[in-house]
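To find a chain, count down the sequence lines: A is the first, B the second, and so on, and within it residues start at 1. In this text the structure is predicted, and so the values were computed from the model without any measurement.
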Amino acid sequence: MNMQYKTDPSETPSFFNVTKNMRRIFAVLFVAATLWACNNDDDKPQGKYEHGAFVLNEGKFLSGTGTITYYNEQADTLQQNIFRNAAGQYAGDVVQSMIFHDDKAYIVVNGDNKVEIANANTFERLGSISDDQIVQPRYMEVVDNKGYLTVQGPYDDNYNLVDSYVLVIDLSNNTVTKKIPTDEGIENIVYAGNKLFVGASGYSSIHNVAVIDPSNNTLIDNIALDGVPVGMVVDNNNKLWVLANDDANAKLYRINPSSFEKEQTINLGTSVDTDLAITPDKSGLIYSAFGSFYKISTTATTAPSAPLFTTEDVVTQYGMNVDPDNGEIWIGDALNYSSEGKVYIYTSEGKLKKTFTAGISPTNFVFR
Amino acid sequence: MLLRLGIFLGCISLGFFAKAQSDSVVLKSVTVYGLPDEKYLAGGQFYALDSALQSQQASRHLGEILAFQFPVYFRNYGNGMLSGISMRGTSPSHVAVRWNGININSFSLGQADFSILPTIAFDDVKVHAGGGSARFGSGAFGGSVLLSSAGTTTNILSVSQEVGSFGRYFSSLKGSFRVGKFSSSSSLYRVQAKNDFPIPGYGERQPHAAYWQQGFVQHAQYSFSNARRVTIDYWFNDSHKEIQPTIGNHNSTDEQDDRNHRLSVFYEQNTTQGLSKVGGGFVDDKIIFNGTLSEMVRWIASASHQYTFKNQWNISGSAEWNHIIGKVKEYGPTSPEEDRVDVAAAIQKTFKKVSASFNVRQPFITHVTAPLLPYIGADVVLFENAAQQWLLSVNGSKNFRAPTFNDRYWQEAGSRDLLPETSYAAEAGLGWRYHNVKVNARGFYQHIDQWIQWIPMEQGIYRPRNVKQVRTDGIEAGIEDQANIGRVMLHAKLSYQFTQAITLETDDTDAASVGKQLIYTPLHTGSGTVSVVYKTWSANVYLQYSGKRYTESSNSSVYALDPFVLTDLSLNKSWTQNQHDFILSFQVKNLFDKTYQLYAGRAMPGRNFNLKISYHLNRKKQ
């Protein structure tokens, strides 16, 4: 793995460099959370953000300028910075991920070490979840009104992660009820077949997916992989797909969520970008490598030979997801990580449909 | 340790205080001095730090007070935290900071952190605005900050104690003495602050921002005669900070220690053959961030000679050698070493109404081709009579900045092939003095090329490249007046600067910045001072204004910081009896409780208070 990502020591002083450096590592290893659109059966409009796409922008690191951009595809309207934390200006420092649950948006703010809570329809601030154990939170999944928050934990003096864990949060009172220790460097978390799967992307030699049983909140297994798990989705047969990155040969694994068996391994013959998404019918997977985007069927056994499309204008690809309504592929361009980034929307056939300016370092897309 | 040092220093000071009393020894300044920088940089703009501000706020770091004096901007990453200067539209690494003639910018980062430059450590603070590489070497694009700790000649002993809001305490002890041909001046200081101020508009106190800083400054000299002496200057500064996180951050744990040793030793002699100065120095800069040490070590040797011909031509020549060792983990197992040699010459002549100068410098740096750096300038008296004077100042210069150690040696990113940054600068100003009124205005222009920017390349790896071209231009203006109304003395000074700093060219990843103002570079800055002195009472008002600052390179207003005016007030009363001065000073900072930020996301405190009591034992007047 080539992970010697360097930062910008000329612009910022060294004590920021080290953490910024780490953040680049995370950034490259980041995985789009499996966030599904909420099925809102209620017909009457509840707020201006009831439907649409949300772009999570990290903001300029250590400036607290992370924001959420809202795009309404039907009306073709764009709105920047829709959520403000208690300080009143932006969402916070390094806005990492978001999940909708029970008409609330839970916004994981990695740099601020907290989870901000917004009304999902109005994006008014409702409060936040903070706890001494929330140190570098990444992604959250919800099962039975309990939040499962992946936490990378603090660094030791040599900038190694030493204490990563999943925190169980009772969302009725927003308090942490349990800490489930895992391998270091956990990122994304997915619920499949009544188990939680947690990608431990630790940039050490640990490459596995931890399995947590939410009925008793214990770690019950670790599925070892050949490569760093950087993306996870669940297909139409309720099978778990894991994209495991590697210098020369990334792999796609199909995992049975009950037996934890690796049922299929597809060699991709290249290293890949750190996102895995699924088509609306959940029969196709989308991943990318060096600016080329590939679509592969969940029944395939070999890697696709030609890409679906190749981007031309994207400078620094930083986030990718697929709109579950129409299969459009959203790509975030972080440019230089310190100026406003761009969003590129490609149709499911791979034609560029729209671009717009988002916040700084667009890292993740959530559709609702 | 510090306490013991303090007691020791106190004892020796008191010992000599007794001796000084009986012998009424007076520290005479020795006649070893050359032509000042101001003369050699004819046509340049120099500012001096107001002595009232310097003494009242000696416990503050320079980044907290300079912006009340000159039109400069400081990006402070919180209260008491990292502080970078921005002069005339350039970035913090484009200002050369020199202490007793030694460049003290970080050789790994390029910039100087003003939060570890406590005002108490300096007896003289001067700022040269504009291009000055020909005299001050690498990095003098926007200006140079010239610090001196040569010791005071008026006090035998000074003690001060302060107590302020948010658990802030400051103590200092200064002493000086002279025995025969030997004289010495020492100071010892310590500041500490809980710094848990209420975050304005947020309803919580600032977590994790406590700091302390302490240090020791020693100046000593032995004068063989009035014309020959040896001087030793040593300064140790030790700083510890909890890094103030962005507003709303929880569970922050980052901490940084800075430990800086600086030493210079010089032999000087002033004979009919001219003024010679030979010496050397040692600088050890340590940064310990979360337990990880980065260290830059520097050995310096220099020699200079100045000669004045009978016809009043002043000439000088100098050579300086720096050997630099970078002991930084990111540079790899073998610490890179670099040699930098500068050879410089200058000539100055005062004609009837014209003072003109020409400087030239040629740096030689290991594996870097540095350009020849000329400076030419003149001050021309256009009109002069008993009541008034009109003065025209012009200068032009070529300047450069060497790539930093980070730029060159950062493993798998740094590039040894980087070119130095270069700039062409020119300025012209007009000054008018009418009795006590001084008005001046000056236009400046600078074109910076080969500006080094770290840009994200394949797989998000940042690498430094000579990609940026920037044009800065603007106008600065000032007015100053002094008046006596009965027994009340009034002094007022206002300054203003309009600064454009436009990116002309840069890398594709930052294409949106082309044609836009640089970040953290306000179009408008201003400062002001009003002082009122009545008998032993005095009051000072200090003002600082900064316009809107963009924090995002395409100048998006979403991330811009709002303009602000800051007002500091101080009330002072002194009691003098014979050689003894007592001064009581009460300060209100941010009088109008303004909410403002100097760096995005970092809170600054609202209104806060400080009480200072100080005692000075003065030498008997001759």
Check the angle between the aromatic planes of A:Tyr318 and A:Tyr337 and answer parallel, tilted or perpendicular using the 30° and 60° thresholds.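 Correct class here is perpendicular.
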Counting heavy-atom pairs under 4.5 Å with chain B, which one of A:Gln133, A:Glu340, A:Lys114, A:Glu116 comes out on top?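 So the answer, after comparing A:Gln133, A:Glu340, A:Lys114, A:Glu116, is A:Glu340.
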Contacts of B:Thr292 that satisfy side chain to side chain donor-acceptor pair (under 3.5 Å) - sequence neighbours left out: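 For B:Thr292 there are no side chain to side chain donor-acceptor pair (under 3.5 Å) partners, ignoring immediate neighbours.
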Contacting moiety of B:Thr253, where chain A heavy atoms sit under 4.5 Å: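 Contact with chain A is absent: no heavy atom of B:Thr253 under 4.5 Å.
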Under 3.5 Å, is there a donor-acceptor pair linking the side chains of B:Asp258 and B:Gln256?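 Per modelled atom types, B:Asp258 and B:Gln256 side chains form a pair under 3.5 Å.
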Do you know which of B:Ile247, B:Asn251, B:Thr246 has the most heavy-atom pairs under 4.5 Å to chain A?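 Result: the option with the highest number of such pairs is B:Asn251.
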Can you tell me which portion of A:Asp156 sits under 4.5 Å from chain B's heavy atoms? Options are side chain, backbone, both or neither.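 For A:Asp156, no heavy atom lies under 4.5 Å from chain B.
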Among A:Ser128, A:Gly359, A:Gly64, A:Ser63, residue most engaged with chain B (heavy-atom pairs, under 4.5 Å):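 Greatest number of close heavy-atom pairs with chain B: A:Ser63.
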Best-contacting candidate, B:Ser554, B:Ser556, B:Gly291, against chain A by heavy atom pairs under 4.5 angstrom: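 Looking at each option in turn, the highest pair count goes to B:Ser556.
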Give a yes-or-no answer on whether the side chains of B:Asn406 and B:Thr404 include a donor-acceptor pair shorter than 3.5 Å.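 Looking only at side-chain atoms, B:Thr404 and B:Asn406 do not form any donor-acceptor pair under 3.5 Å.
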Plane angle bin for B:Phe74 and B:Phe114 - parallel if under 30°, tilted between 30 and 60°, otherwise perpendicular: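 If you compare the ring of B:Phe114 with that of B:Phe74, the planes turn out perpendicular.
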Among A:Ile134, A:Asn85, A:Val135, A:Thr316, who wins on heavy-atom pairs under 4.5 Å with chain B?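 Most heavy-atom pairs within the cutoff with chain B belong to A:Ile134.
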Taking A:Val109, A:Asp93, A:Asn113 one by one, which has the highest count of heavy-atom pairs under 4.5 Å against chain B?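 Sorted descending by pairs with chain B, the first entry is A:Asn113.
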Need one label for B:Gln597: side chain, backbone, both or neither, based on atoms under 4.5 Å from any heavy atom in chain A.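 When you check distances to chain A, only side chain atoms of B:Gln597 fall under 4.5 Å.
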Tell me whether the rings of B:Tyr559 and A:Tyr90 are parallel (<30°), tilted (30 to 60°) or perpendicular (>60°).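 Answer is parallel, since the angle falls under 30°.
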Heavy-atom distances under 4.5 Å only: say whether A:Gln89 touches chain B with side chain, backbone, both or neither.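 The side chain, not the backbone.
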What orientation do A:Phe123 and A:Phe83 show, parallel under 30°, tilted 30 to 60°, or perpendicular over 60°?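 If you compare the ring of A:Phe123 with that of A:Phe83, the planes turn out perpendicular.
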Quick one: list whatever passes side chain to side chain donor-acceptor pair (under 3.5 Å) with A:Asn81, sequence neighbours left out.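 By the side chain to side chain donor-acceptor pair (under 3.5 Å) rule, A:Asn81 matches no residue at all.
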Can you tell me which portion of A:Thr65 sits under 4.5 Å from chain B's heavy atoms? Options are side chain, backbone, both or neither.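 Contact with chain B is through both the backbone and side chain of A:Thr65.
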